[in-house]
Structures are given as structure tokens and as C-alpha cells.
Amino acid sequence: MKLNIIALAASLALSTLSASAANPLVDGWNADPEAVIVDGTCWIYPTINGARFDTYSSTDLVNWTRHENILDTCTVSWAHNCMWAPAMVHHNSRYYFFFSANDVHQGEIGGIGVAVADNPAGPFTDALGHPLIGEIINGAQPIDQYVFRDDDGQFYMYYGGWGHCNVVRLSNDLMSVVPFDDGTTYREITPKGYVEGPFMLKRNGKYYFMWSEGSWTGPDYRVAYAISTSPFGPFERIGTILQKDDTIATGAGHHSVIQIPGTDEYYIVYHRRPIGDTEAVHRQMCIDPLIFDANGFIKPVVMTHEGIGPKNLKAK
């Protein structure tokens with residue numbers, strides 16, 4: 001579980017936080033960032049403090065505006081403990097916000113929920129009144145979900161903690177899990193070394209599956225990846241693409257990736273811990289280039305303090 005118990009002290013529901021491209025992107029402790037570009041604006045949804053979610057928006061990846069309290073535990077009746085690791089999808093002119101809640105164990109209430117809104121800044125409303133996935137299946141704790149839309153429009157959800165990862169097929173309204181063509185519902189796709197934080201990216205017809213390894217509380221948290229010709233794998237670990245740099249930061253992991261519209265330009269959005277800081281929840285949100293070589297393999301990410309310059313996020 002990646003719970004940030006240090007609440008951000010802020011008094012305004014909407015505030016501009018940064019005017020530079022430096023890492024970290026914004027002040028305060030933010031983790032597990034899910035970055036999504038919608039209509040020329042990038043929205044980042046991080047773990048904030050366990051009791052609520054905020055989001056940050058930018059039209060250039062440099063200047064960020066914070067929108068507070070888009071969903072909190074007071075409005076999700078079954079999320080009595082904490083919420084973290086969000087994911088967001090724009091579909092059918094609405095915004096679907098997936099989240100983990102309650103650090104659920106067998107027999108307990110909790111798991112992966114879904115909320116909806118008409119605006120990416122919320123407020124979001126719990127859509128089901130109960131978890132979308134709340135059971136331990138194939139050994140995977142129902143947390144750290146990522147929703148991937150394939151080229152044919154089909155949505156898949158990759159999720160799982162405790163060293164196991166499942167993929168499920170979602171209904172078109174994103175409100176239920178539906179069986180695959182063979183009648184099965186949950187497929188385990190766990191690659192070697194997997195711990196949590198799955199992410200899927202499709203590029204040039206290939207599926208790039210990424211995940212976090214190590215302990216989220218420690219300095220060696222990192223991101224690895226695999227490539228397949230199918231969204232179901234098999235996923236054979238290729239290598240580590242993001243890890244600590246003792247001159248920059250430690251505990252680098254639980255990421256997402258954005259593509260600049262109309263280009264082959266990608267950026268990895270992730271959290272990391274300042275050098276010398278050993279507090280588990282002290283994580284900062286950063287962005288650096290994600291670069292592919294001529295053979296389609298991902299080069300190791302070079303973490304920086306400088307970050308990146310302004311980008312045009314409008315479709316070209």
C-alpha cells in the first residue's frame with residue numbers, strides 16, 4: 001500500500017503551483033501519479049493523503065494548477081480506511097476515476113472502486129456503491145489498477161499487489177468486469193520480479209507492460225518492463241528502466257507515461273524520494289523523457305532536477 005498520511009496544507013481549492021519545468025513538478029508530497037492528456041490539457045492524479053484526491057492540470061507540462069478534493073472518503077461509503085493509486089479514463093464524454101481503497105485482505109470490504117464526473121477536475125461520485133473488484137483472485141490484492149484502451153476500443157484493467165498481476169476485460173460502460181472469449185474472467189499475467197503498479201503502453205503494434213519492483217517504502221523501488229505482441233503477454237522481463245540515482249533521488253517508481261499528441265515523444269511521470277529522506281510517505285512527483293532506441297527497446301530513464309521544457313499538448 002502506498003498511503004501518504006501527511007496531508008498537504010493548502011487553503012484554496014484552485015491554485016497555480018509552479019512556473020518552471022523543475023523536478024519535482026509541484027510542492028508537497030505526491031505519489032503514484034496517473035497522467036492523462038485530454039483535449040490539450042494534461043491531468044495528473046496522484047495519491048495525496050489517503051483521505052482525499054486532488055488533481056493537477058497543465059497545458060504545457062510546466063505550469064501546474066491544483067484542483068482540490070475531487071473525491072474523498074466521506075463520499076465513498078465503503079472506503080472507510082484510505083484511498084490511493086488513482087487512474088482516470090475519458091470515455092463517452094464522461095470521466096471515469098478508478099481508485100484503490102481500504103488495503104483489503106481476504107474477507108474484508110475494499111478493493112478497486114470507480115467514480116464518475118462530467119469534468120476531469122471533478123467532483124467525482126462513487127458509481128457503484130461497492131468495489132468493482134473486491135476479492136483476492138490469483139493471489140493479487142485488488143489495488144494499483146491501470147485501465148488500458150486498445151486500438152479496437154476494448155478496455156482492459158491491469159491490477160494487483162502482493163506480487164501478482166491480473167488483467168480483466170471491462171464492459172463498454174466501464175462499470176463491470178466481463179468474461180473473455182474463452183469464458184474466463186481473470187487472467188494472471190505476472191512477470192518475473194513484479195510487485196505492483198502495472199502500466200500498459202502500445203507503440204508500433206507492440207504492447208509495453210511496465211511495473212514496479214521492490215518495497216515502496218525503500219530506496220530500491222524501481223520500474224521494469226516487458227514487450228509482447230498481445231495485451232495478455234506472455235511478458236518476459238527485459239530490464240529496469242527507472243531506479244534510484246544516489247546523486248538525484250531514491251525510491252523511484254509507480255509511474256505512468258504520456259505521449260505528446262501527434263508525435264513519437266513520450267514522458268514518464270513518476271514519484272521519487274529526496275536524497276537522505278527515509279520517511280516512507282515523502283515522495284515527490286517528477287517527469288523526465290522516456291526514450292526508445294532504434295530497435296524499440298526502452299532506454300534507462302535519466303532522472304533530472306531540471307525536468308523538461310514546455311510542450312504543445314494539442315493534437316497535431
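These numbers come from a predicted model, not from an experiment.
Remark: the backbone N or O of A121 is paired with a side-chain donor or acceptor of N119 at under 3.5 angstrom. Distance alone, capped at 3.5 Å, places no donor-acceptor pair between the Q145 side chain and the I112 backbone. Checked by atom type and distance alone, the side chain of D144 never pairs as donor or acceptor with a backbone atom of G161 at under 3.5 Å. Side-chain N or O atoms of D54 include one that pairs as donor or acceptor with a backbone N or O of N69 at under 3.5 Å. Side chain of D60 to main chain of V62: a donor-acceptor pair is present (N/O by atom type, distance under 3.5 Å, no hydrogens or angles). Without hydrogens or angle criteria, Y225 side chain to I298 main chain gives a donor-acceptor distance under 3.5 Å. Listed for the S212 side chain is no donor-acceptor partner under 3.5 Å among the backbone atoms of V223. Judged by distance alone, the side chain of N102 and the main-chain N or O of W78 form a donor-acceptor pair under 3.5 Å. In this structure, D150 contributes its side chain and Q154 its backbone to no donor-acceptor pair below 3.5 Å. With R273 contributing its side chain and E279 its backbone, the two residues share a donor-acceptor pair below 3.5 Å.
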Requested in this report: Check step by step if side-chain contact (heavy atoms from CB on, under 4.5 Å) holds for I136 and W162.
Outcome: CA-CA 10 Å; I136 312 298; W162 297 347; 3.8 Å; yes
Report task. Could you go through the side-chain contact (heavy atoms from CB on, under 4.5 Å) check for D173 and N92 one step at a time? Result -> CA-CA 8 Å; D173 65 3; N92 290 337; 5.7 Å; no
Requested in this report: Applying side-chain contact (heavy atoms from CB on, under 4.5 Å), run through I287 and L61 and close with a yes or a no.
Outcome: CA-CA 9 Å; I287 186 171; L61 301 184; 4.2 Å; yes
**Report entry** side-chain contact (heavy atoms from CB on, under 4.5 Å) assessment of E108 paired with D103
**Finding:** CA-CA 9 Å; E108 299 174 346; D103 191 24; over 6 Å; no
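Nearest heavy-atom pair across Y45 and P120 is OH-O, 2.7 Å. Residues I258 and V36 approach most closely at CG2-N, 4.2 Å, considering heavy atoms. Minimum interatomic distance between I275 and D246 (heavy atoms only, all atoms of both residues): CD1-O, 3.4 Å.
Just one residue in the list Y194, Y158, F209, Y207 forms a ring pair (Phe, Tyr, Trp, His ring centres under 6.0 Å) with F235, and that residue is F209.
The number of heavy atoms from other shown groups lying within 6.0 Å of CG (D152) is above 12. More than 12 heavy atoms of other shown residues, nucleotides or ligands fall within 6.0 angstrom of atom CZ in F292. Environment of NZ in K314: sparse, with no more than 12 heavy atoms of neighbouring residues, nucleotides or ligands closer than 6.0 Å.
Ring geometry for Y95 against H90 counts as parallel: the plane angle stays under 30°, on a 0 to 90° scale with 60° as the upper cut. Between Y156 and F148, the two ring planes are parallel [angle under 30°; tilted spans 30° to 60°].
Taking the six-membered ring for Trp and the full ring otherwise, F97 and F53 have centroids separated by under 6.0 Å. Aromatic ring centres of F99 and F124 lie farther apart than the 6.0 Å criterion allows.
Here R169 pairs with D181 in a salt bridge; the nearest charged N to carboxylate O distance falls below 4.0 Å. For D264 and R203, the salt-bridge test passes: some basic side-chain N is under 4.0 Å from an acidic carboxylate O. Note on R222 versus D220: no salt bridge recorded, every NZ/NE/NH1/NH2 to OD/OE distance being 4.0 Å or above.
Side-chain contact, H271 with N30: no donor N or O sits under 3.5 Å from an acceptor N or O. Checking S215 against T217 by side-chain atom types alone, a donor-acceptor pair falls below 3.5 Å. A side-chain donor from one of S176 and S171 sits under 3.5 Å from a side-chain acceptor of the other. For Y267 and E265, the side-chain atoms include at least one donor-acceptor pair closer than 3.5 Å.
Note that CZ of F232 and CD of E188 are 15.0 Å apart. Values are rounded to the nearest 0.5 Å. With rounding to the nearest 0.5 angstrom, the CE atom of M88 is 8.5 Å from the CD1 atom of I70. Rounding to the nearest 0.5 Å places CD1 of I44 at 5.5 Å from CG of L25.
Between Y56 and P46 the shortest side-chain heavy-atom distance falls below 4.5 Å.
F180 and I137 fall into different hydrophobic clusters, where Ile, Leu, Val, Met, Phe, Trp and Tyr side chains are chained together by heavy-atom contacts under 4.5 Å. Grouping the Ile, Leu, Val, Met, Phe, Trp and Tyr side chains by contacts below 4.5 angstrom, directly or via other members, places Y270 apart from I291.
Cluster note: V178 groups with no other residue, as no ILVMFWY side-chain heavy atom lies under 4.5 Å from it.
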